Structure formats: structure tokens, C-alpha cells
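Throughout, residue positions are numbered sequentially from 1 according to the sequence presented. Just so you know, these numbers come straight off a predicted model, no measurement behind them.
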Amino acid sequence: MTATEDAAADCDTVSATVGERVDGVATVTLSRPDARNALDAELRSDLTAVLDAVEDDDAVRVVVLTGSDEGGAFVAGADVTELRERDAIEQREASKRPRVYERVANLPKPVIGRINGHALGGGCELAQACDVRIASEKAKLGQPEINLGIIPGGGGTQRLPRLVGTGQAMRLVLSGELIDAEEARDIGLVEEVHPHEDLDDAVYDLAASMAAKSPVALEFAKEAVGASAEMDIEDGIEYEAELFAQLFATEDKNEGIDAFFEDREPEWQGK
């Protein structure tokens with residue numbers, strides 16, 4: 001059992017397997033089936049604990065994040081009962097970062113969102129925090145917080161415009177409208193849509209492709225692409241060049257080039 005699986009074994013609302021379908025790939029499953037996998041305090045705590053383990057687990061190169069199929073959703077949203085009971089001071093405390101959204105976005109390892117059903121409110125924000133989103137054709141996505149007299153509070157007003165543009169983000173946030181997976185793909189909220197029965201093949205084919213790469217290069221590549229949303233292009237190009245140069249101090253760089261010349265598969269050391 002890996003460190004990730006050990007951490008998940010202590011959780012009631014999150015499970016994890018490593019290498020079950022693809023070597024080096026951890027599947028992290030959110031499971032509150034009676035609440036359609038809604039994010040409550042326990043689930044957030046459990047997910048944070050598992051992601052902490054993932055970060056330090058050398059057996060994991062790529063993460064697939066999904067909701068339990070028994071819950072019929074990816075994540076149906078935040079737990080509205082918890083929201084109703086909080087005042088402003090309590091919500092400020094609950095909003096202190098890093099939250100699960102930042103934990104997913106800042107994980108050094110790639111995270112693929114397996115959007116197996118509805119991803120609404122906080123669930124849509126959790127999906128936005130993933131690096132790549134692959135959705136079932138049954139999925140619906142949206143930010144319906146406006147219907148409750150509030151706004152997205154898990155990064156949706158910031159990540160969503162970066163994914164779909166300001167106009168589309170305004171439409172979704174201000175109307176609370178839900179969109180189907182096909183429209184989500186068309187506007188750039190998800191990268192791929194597949195029939196539900198083909199979802200796993202698509203997700204794990206991509207995960208396998210990533211997991212076959214150098215763990216160090218994966219980390220640096222994610223860091224470089226993510227920086228593009230935070231820097232102007234000149235600073236971003238300079239940052240990319242620095243990360244590129246740092247990789248020349250790694251054993252994996254030499255192994256990758258040697259494997260290329262020798263026409264064989266590289267044996268990555270992760271250093």
C-alpha cells in the first residue's frame with residue numbers, strides 16, 4: 001500500500017488507489033453519495049490530507065480526481081447547510097487559503113479532472129483547479145451561487161475567465177445558468193467530452209501518456225504553463241527559460257536524450 005492509499009484509508013469521504021489502472025497514476029475519489037459528493041468540512045479535510053500524501057508519494061506521477069459514480073456527480077457544490085449557518089466572520093475563517101482549490105491547482109503533479117457528472121458551484125471551481133478536464137456527456141457545469149444571493153467563492157470569478165473569457169464567465173456567473181458538457185467543451189471549460197461508457201478510456205489514456213514522462217519535467221512543465229496566467233509574456237518567457245535551464249542539472253535530462261539516441265524507452269529517476 002502506498003502513502004497515498006494509507007492516507008485515504010483513514011478518510012470517510014475520500015478514497016484513493018495507485019496503479020490500479022495505470023502505473024504511477026493515483027485515482028482520488030470524492031464520496032458523499034447521499035449528498036451528491038457535495039463539499040462539506042469533512043470532505044475538504046479528507047481531500048487535503050490525501051493530496052498532502054500524494055505530493056510526497058514517489059509512487060504517484062499523475063492524479064485523476066473524480067466523484068464517486070454512486071453519488072451521481074463530480075461534486076454537486078458546496079454544502080449549503082454549512083453556508084447557511086455561517087456568518088461573515090466564520091466564512092472569512094473558512095476561506096483562508098490554501099483551500100482544496102489551491103491545493104489541487106498548486107499540486108506539483110498533474111491533475112486530470114474526471115468530470116463524471118454534475119460539477120456545480122464549488123464543484124465547478126474544483127474542476128477549474130484541475131490541469132485538464134475530461135467530461136462525461138452526462139455532465140452539467142455551472143456557477144449557480146447567484147441564485148442563493150452569493151457569488152462563487154472558491155476561485156470561480158478568477159479561474160473561469162482565464163479558461164473561457166470574460167464574457168462567457170460573466171454569463172455563467174451572473175445568470176447562474178447550467179450548461180451541458182458539449183457547450184462546456186465549446187467554450188473551453190472542459191477539454192474533451194466522451195460517452196459515459198468511454199470516459200475512463202479517455203481519462204486513463206491521457207494519464208498514462210503523462211505518467212510515462214519524467215516526474216521532474218512534469219512538475220516544471222506544469223509550473224511554467226501555470227505561470228502564464230500570472231505573468232506578462234516577457235516575464236513568463238524569462239521564467240520558462242530559467243526552468244528549462246534548471247532541468248539541465250537533472251539526471252532525467254541526460255537519460256531522456258540518451259534514450260532518444262539509443263532508440264529505447266527512458267528509465268526516469270525523478271531527479
Minimal non-hydrogen separation, [X] against [Y], with atom names:
X	Y	answer
A35	A76	O-CB, 4.4 Å
A59	T2	CB-CG2, 3.9 Å
S31	L43	N-CD1, 4.5 Å
W268	A212	NE1-O, 2.8 Å
A119	C124	O-CB, 3.3 Å
A53	A3	CB-O, 3.8 Å

Excluding sequence neighbours, so at least two apart, what forms side chain to side chain donor-acceptor pair (under 3.5 Å) with [X]?
X	answer
E182	R185
R86	E82, Q91
E137	none
D52	R103

When rounded to the nearest 0.5 angstrom, what is the spacing between [atom1] in [X] and [atom2] in [Y]?
X	Y	atom1	atom2	result
L247	E219	CG	CD	9.5 Å
K271	D58	NZ	CG	10.5 Å
L120	E125	CG	CD	11.0 Å
E102	L107	CD	CG	13.0 Å
T4	L51	OG1	CG	9.0 Å
K109	M210	NZ	CE	14.5 Å

Does the pair [X]/[Y] count as a salt bridge with the N-to-O cut at 4.0 Å?
X	Y	answer
D200	R114	yes
E183	R171	yes
D131	K222	yes
R264	E255	yes
D258	K253	no

Worksheet item: Does anything in residues 191-215 pair up under ring pair (Phe, Tyr, Trp, His ring centres under 6.0 Å), and if so which pairs, sequence neighbours excluded?
Response: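 Non-adjacent pairs meeting ring pair (Phe, Tyr, Trp, His ring centres under 6.0 Å): zero.
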
Worksheet item: Given I134, which of T66, V64, L199, V193 fulfils the side chain to side chain contact (heavy atoms under 4.5 Å, CB included) condition?
Response: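 The passing option is L199.
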
Fill in: Of N116, T29, N37, the residue whose pairing with S68 passes side-chain hydrogen bond (donor to acceptor under 3.5 Å, both in side chains)
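One option only clears the test, and that one is N37.
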
Discussion item. Looking at E197, I want to see if its CD is surrounded by more than 12 non-hydrogen atoms of other residues, nucleotides or ligands under 6.0 Å.
Written reply: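 Counting neighbours around CD of E197, more than 12 heavy atoms of other residues, nucleotides or ligands fall under 6.0 Å, so yes.
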
Worksheet item: Near N147 CG, under 6.0 Å, is it more than 12 heavy atoms from other residues, nucleotides or ligands?
Response: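 For N147, atom CG is crowded (more than 12 foreign heavy atoms under 6.0 Å).
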
Would you say the side chain of [Y] lies within less than 4.5 Å of the side chain of [X], judging by non-hydrogen atoms?
X	Y	value
H118	R36	yes
L206	V132	yes
S45	T48	no
L172	I187	yes
R32	D34	yes
L178	L141	no
N106	P98	no
K140	I179	no

Any residue meeting side chain to side chain contact (heavy atoms under 4.5 Å, CB included) with [X], in chain and number order, not counting sequence neighbours:
X	value
V75	L30, L39, L126
D235	M231, D232
L148	V80, I150
I146	none

Fill in: V50 with V60, same ILVMFWY side-chain cluster at under 4.5 Å
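Linked, V50 and V60 end up in one cluster.
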
Practice prompt. Verify side-chain contact (heavy atoms from CB on, under 4.5 Å) between L65 and L47, making sure each step is shown before the conclusion.
Written response: CA-CA 10 Å; L65 181 62; L47 179 56; 4.2 Å; yes

Determine all donor-acceptor pairs shorter than 3.5 Å in which one atom belongs to a side chain in residues 238-245; sequence neighbours excluded.
from: Y239; atom 1: OH; to: E223; atom 2: OE2; distance (Å): 2.8
from: E242; atom 1: OE2; to: Q246; atom 2: NE2; distance (Å): 3.0

Discussion item. Under a 3.5 Å cutoff, is there a donor and acceptor pairing between the side chains of Q128 and Q143?
Written reply: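 Yes, because at least one side-chain N or O of Q128 sits under 3.5 Å from a partner of the opposite role on Q143.
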
Worksheet item: Can you tell me if R133 uses its side chain to pair, donor with acceptor, with the backbone of C130 under 3.5 Å?
Response: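 Indeed, once roles are kept as given, a pair shorter than 3.5 Å links the two residues.
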
Practice prompt. Without swapping roles, check the side chain of D46 against the backbone of T13 for a donor-acceptor pair under 3.5 Å.
Written response: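 Side chain of D46 to backbone of T13, a donor-acceptor pair under 3.5 Å: yes, one is there.
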
Worksheet item: Can you pull the salt bridge (charged side-chain N to carboxylate O under 4.0 Å, His left out) pairs that have at least one residue in residues 142-157, sequence neighbours excluded?
Response: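 Matches after skipping sequence neighbours: none remain.
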
Worksheet entry | ILVMFWY clustering at 4.5 Å (side-chain atoms), partners of I257 |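 Members alongside I257: F260, F261.
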
Worksheet item: Checking side-chain contact (heavy atoms from CB on, under 4.5 Å) for the pair V63/I112: CA distance, chi angles, key distance, verdict?
Response: CA-CA 6 Å; V63 176; I112 300 171; over 6 Å; no

